[in-house]
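Note sheet for the following structure.
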Amino acid sequence: MYSYIKGELVEMTEEAVVVENHGIGYNIRIPQSLLDSLLGIGQEVKIYTYTYVREDAMLLYGFLTRDDLNVFKLLLGVNGVGPKGALAILSVMTPDDLRFAVLADDDKTIAKAPGIGKKTAQKLIIELKDKLSLEDAFALKSRNMARDGEVSSEIQTAKQEAVQALVALGYSSGEAMKAVNTVDLTEEPTVEEILKAALKQMALL
C-alpha cells in the first residue's frame, strides 16, 4: 500500500513511531534496534513500510532501509513466523547477522529473539537456506558496511574467499562460516591468514 513514508518524527515508543506527513500521523511499528538509529523528535525521517492487513486491523511496519524491509518480508514467508516474530528477530539481529546465521545453521543465535524458540529457529533455517547464498550475503554485508562507514569491503572479500576455500576442502558452508566468523582478525588480514586461523579453530572443535 505504501512504499515508504517521509515526514516529521513526532512520537517514539519502544514499539512504534508516529511520522507526520501533510497533517496525518502514521503509527508505524518498528524493531527496537531502529530506535538507536533515530536522532529524536522533530527530525525528518524516511521509513520503508509494510502494510499488514487482518480482519480486525490494518498495521504498518517500518524500517530504515529496503534491505531491512526485504528481510522482514522474507521472514513472513516462513511458516509459523508472523509479523510479531519477524519484528522480534530484527530487533536483536541485523539482516546481515540473520543471513549469516541461517547459512551457518546457527539456530541458537536466532532463538535468542523473544518468542522464537529453537524449533522455530530450525524451521526458519530450513525454509530460508535455499533462498540465500554466501556470495549474496557477503556482497550485501560489504554494501551495508560501506554505507555505514565501517570495515572495508576488502576484509569481507577476504572472508568470503576463505569460506570458499574451506568448502573446496570438503567442509560444509555452515562449518566454514562458523569457523571464519570466530577468527580474530587483524586490521588487514590476508585470505591465507584467515584460512589458517579458521583451520586451527576447526581443529579445536
Show me the donor-acceptor pairs within less than 3.5 Å that the side chains of residues 15-28 make with the rest of the protein, sequence neighbours left out.
residue: Asn21; atom: ND2; partner: Lys6; partner atom: O; Å: 2.5

Indicate, with yes or no, if [Y] and [X] share a hydrophobic cluster defined by side-chain heavy-atom contacts under 4.5 Å among Ile, Leu, Val, Met, Phe, Trp and Tyr.
{"X": "Tyr4", "Y": "Leu76", "answer": "yes"}
{"X": "Val191", "Y": "Leu199", "answer": "no"}
{"X": "Val10", "Y": "Tyr2", "answer": "no"}
{"X": "Leu169", "Y": "Val163", "answer": "yes"}

Once rounded to the nearest 0.5 Å, what's the spacing between atom [atom1] of [X] and atom [atom2] of [Y]?
{"X": "Met12", "Y": "Leu34", "atom1": "CE", "atom2": "CG", "value": "8.0 Å"}
{"X": "Met93", "Y": "Leu98", "atom1": "CE", "atom2": "CG", "value": "5.0 Å"}
{"X": "Tyr61", "Y": "Thr51", "atom1": "OH", "atom2": "OG1", "value": "11.0 Å"}
{"X": "Ile116", "Y": "Lys84", "atom1": "CD1", "atom2": "NZ", "value": "10.5 Å"}
{"X": "Ile110", "Y": "Leu75", "atom1": "CD1", "atom2": "CG", "value": "8.5 Å"}
{"X": "Asp130", "Y": "Ile125", "atom1": "CG", "atom2": "CD1", "value": "12.5 Å"}

Polar side chain donor-acceptor pair, Arg66 to Ser3, under 3.5 angstrom: yes
I want to check something: taking the side chain as every heavy atom from C-beta on, are [X] and [Y] in contact at a cut-off of under 4.5 Å?
{"X": "Lys119", "Y": "Lys123", "result": "no"}
{"X": "Arg99", "Y": "Val71", "result": "yes"}
{"X": "Val102", "Y": "Leu124", "result": "yes"}

Under the criterion side chain to side chain contact (heavy atoms under 4.5 Å, CB included), I'd like the reasoning laid out for Thr109 against Asp97: C-alpha separation, chi angles, the key distance, then a yes or no. CA-CA 9 Å; Thr109 296; Asp97 291 338; over 6 Å; no
Going through the distances and angles, do Leu195 and Glu192 end up as a side chain to side chain contact (heavy atoms under 4.5 Å, CB included)? CA-CA 5 Å; Leu195 186 57; Glu192 290 74 16; 5.6 Å; no
Shortest non-hydrogen contact from [X] toward [Y]:
{"X": "Pro95", "Y": "Asp67", "value": "CB-OD2, 3.7 Å"}
{"X": "Leu64", "Y": "Ile47", "value": "CD2-CD1, 3.9 Å"}
{"X": "Val81", "Y": "Ala86", "value": "CG1-N, 3.7 Å"}
{"X": "Gln32", "Y": "Ser91", "value": "N-OG, 3.0 Å"}
{"X": "Gly62", "Y": "Pro31", "value": "O-CD, 3.5 Å"}
{"X": "Asn79", "Y": "Glu127", "value": "N-OE1, 3.2 Å"}

Testing Leu87, Thr49, Asn70, Ile30 one by one against Phe63 for a side chain to side chain contact (heavy atoms under 4.5 Å, CB included), which residue passes? Leu87
Under the salt bridge (Lys or Arg N to Asp or Glu O under 4.0 Å) test, residues paired with Asp107 that sit two or more places apart: none
Does Lys129, at its NZ atom, have more than 12 non-hydrogen atoms belonging to other residues, nucleotides or ligands within less than 6.0 Å? yes
Are the side chain of Thr120 and the backbone of Gly80 linked by a donor-acceptor contact shorter than 3.5 Å? no
Electrostatic pair Asp68-Lys73, nearest N-O below 4.0 angstrom: no
Give a yes or no on whether a salt bridge exists between Asp56 and Arg54, defined as a side-chain N under 4.0 angstrom from a carboxylate O. yes
Parallel, tilted or perpendicular: which one describes the rings of Tyr50 and Phe72, with boundaries at 30° and 60°? perpendicular
Apply salt bridge (charged side-chain N to carboxylate O under 4.0 Å, His left out) to residues Asp106 and Lys112 and explain how you reach the verdict. CA-CA 11 Å; Asp106 188 359; Lys112 291 179 182 179; over 6 Å; no
